[in-house]
Number of protein chains: 2
Amino acid sequence: MNAPLTEKTCGFADSQAVAAKLAALSHPARIEILRHLSASRSCCCREVVDHLDLAQSTVSQHLKILVDAGLVRYEPDRQRSRYEVDSDALEDVSRSLAALVNSCCSGR
Amino acid sequence: MNAPLTEKTCGFADSQAVAAKLAALSHPARIEILRHLSASRSCCCREVVDHLDLAQSTVSQHLKILVDAGLVRYEPDRQRSRYEVDSDALEDVSRSLAALVNSCCSGR
DNA sequence: AGCGTTCATCGTCTATCGGCGATAGACGAT
DNA sequence: ATCGTCTATCGCCGATAGACGATGAACGCT
């Protein structure tokens with residue numbers, strides 16, 4: 001599912017997928033959110049808001065971005081929605097980047 | 001390993017650094033550029049332009065972003081400027097992300 | 001029933017991104 | 001000296017990101 005596709009030839013379309021994942025991670029607030037989420041096992045939006053010194057709406061947006069990117073799981077539990085890190089997805093991104101970097105540094 | 005700084009408290013400033021690096025990587029064109037650069041050992045702007053179906057000015061911009069992020073080395077060789085991947089820097093980013101992911105998945 | 005809390009969404013504003021063409025500087029070649 | 005090539009930069013634009021406040025729905029509690 002993830003990619004036994006084109007081997008190391010990779011491809012152009014693939015770049016887009018990786019880029020999209022990395023884009024979701026390329027914001028300090030979102031990284032902080034991930035850290036906080038993982039530290040707290042799982043938590044609601046409010047908890048993140050308190051921790052982060054950003055407006056609730058802004059945090060909600062960042063969370064949505066992370067969810068859309070598939071890096072965070074979301075469960076609308078009554079009021080207190082629960083957000084929790086999708087470890088597998090995260091590790092997958094890390095692996096993707098590592099693969100990219102590796103293929104770029106294969107020369108040395 | 002590379003960062004015995006603040007342990008797991010990590011820090012807010014640190015997130016910014018990682019985010020900045022990842023931002024440079026979060027664009028398909030730039031990933032393609034990296035791939036091409038690494039495949040060609042080193043090359044000039046024009047070479048990338050031919051390969052990429054983007055205007056020369058656009059490519060130059062992307063290259064600048066990569067250089068500013070410290071992921072690509074730049075040497076203004078007469079006309080034919082030489083761009084080449086900074087393997088160490090790239091690996092460093094990969095490690096940073098891995099560390100982040102790892103700390104987020106420590107629970108499981 | 002009514003209040004407080006939580007959250008997602010909407011609209012708005014500003015800044016930045018990503019693209020392009022045009023331009024100017026630096027060279028090599030003629 | 002002039003022409004063609006390669007770069008980097010500038011100016012411009014549409015689109016998007018990122019922030020906020022306001023709003024309304026859903027819920028718990030009293």
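Chain identifiers are assigned alphabetically (A, B, ...) following the order of the sequence lines, protein sequences preceding nucleic acid strands; residue numbering begins at 1 within each chain. Fair warning: this is a prediction, and the values are worked out from it, not measured in the lab.
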Base-pair map of DNA chain C as dot-bracket, where | denotes pairing with a different strand and pairs are Watson-Crick or G-U under 3.5 Å: ||||||||||||||||||||||||||||||
Less than 4.5 Å apart, any side-chain heavy atom of [X] and any of [Y]?
| X | Y | result |
| --- | --- | --- |
| B:V85 | B:R73 | no |
| A:D86 | A:L71 | no |
| A:S96 | A:K21 | no |

Which one, [options], comes nearest to the side chain of [X]?
| X | options | result |
| --- | --- | --- |
| B:Q56 | D:dC6, C:dA22, D:dG18 | C:dA22 |
| A:Y74 | C:dC7, C:dA8, D:dG18 | C:dA8 |
| B:S57 | C:dG21, D:dG18, C:dC10 | C:dG21 |
| A:R80 | C:dC10, C:dC20, C:dC7 | C:dC7 |

Between OH on residue A:Y83 and SG on residue A:C45, distance to nearest 0.5 Å: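 Interatomic distance, A:Y83 OH to A:C45 SG, rounded to 0.5 Å: 6.0 Å.
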For A:D50, all residues meeting salt bridge (charged side-chain N to carboxylate O under 4.0 Å, His left out), sequence neighbours excluded: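 With sequence neighbours excluded, A:D50 shows a salt bridge (charged side-chain N to carboxylate O under 4.0 Å, His left out) to A:R46, given in chain and number order.
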Sugar-phosphate only, base, or nothing, as touched by A:Q61 at under 4.0 Å among non-hydrogen atoms: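 Since no nucleic acid heavy atom lies under 4.0 Å of A:Q61, the category is nothing.
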Is the phosphate of [N], meaning OP1 or OP2, less than 4.0 Å from a side-chain N or O of [X]?
| X | N | value |
| --- | --- | --- |
| A:S60 | C:dC7 | no |
| A:H62 | D:dA17 | no |
| A:S81 | C:dA8 | yes |
| A:Y83 | C:dA8 | yes |

Can you check the [X] [atom1] to [N] [atom2] distance for me, whole Å?
| X | N | atom1 | atom2 | answer |
| --- | --- | --- | --- | --- |
| B:D68 | C:dT16 | CG | C1' | 15 Å |
| A:D50 | C:dC7 | CG | P | 9 Å |
| A:L52 | C:dC7 | CG | C1' | 16 Å |
| A:R82 | D:dA26 | CZ | P | 21 Å |
| A:R46 | C:dC7 | CZ | C1' | 11 Å |
| A:K64 | D:dG18 | NZ | C1' | 15 Å |
| A:L63 | C:dT9 | CG | C1' | 14 Å |
| A:R30 | D:dG18 | CZ | C1' | 9 Å |

Aromatic plane relationship, A:H27 with A:H62 - under 30° parallel, 30 to 60° tilted, over 60° perpendicular: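 Taking A:H27 first and then A:H62, their aromatic rings sit tilted (interplane angle of 30° to 60°).
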Test applied, side-chain contact (heavy atoms from CB on, under 4.5 Å); reference residue, B:I33; option that passes from B:V48, B:I65, B:V72: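 Among B:V48, B:I65, B:V72, the one meeting side-chain contact (heavy atoms from CB on, under 4.5 Å) with B:I33 is B:V48.
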B:V49 versus B:L54, closest heavy-atom pair with distance: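 Of all heavy-atom pairs spanning B:V49 and B:L54, the closest is CG1-O, 3.6 Å.
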Where do N or O atoms of nucleotides 26-30 of chain C meet protein N or O atoms at under 3.5 Å, pair by pair?
{"from": "C:dC27", "atom 1": "O2", "to": "B:Q79", "atom 2": "NE2", "distance (Å)": "3.2"}

Pair A:D77-A:R80, salt bridge (Lys or Arg N to Asp or Glu O under 4.0 Å): steps then yes or no: CA-CA 6 Å; A:D77 191 19; A:R80 307 232 166 181; over 6 Å; no
Distance-only donor-acceptor test (3.5 Å): side chain B:T58, base C:dG18: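 There is none.
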B:S94 side chain to B:E91 backbone, donor-acceptor under 3.5 Å: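 Here the side-chain-to-backbone pair does not exist.
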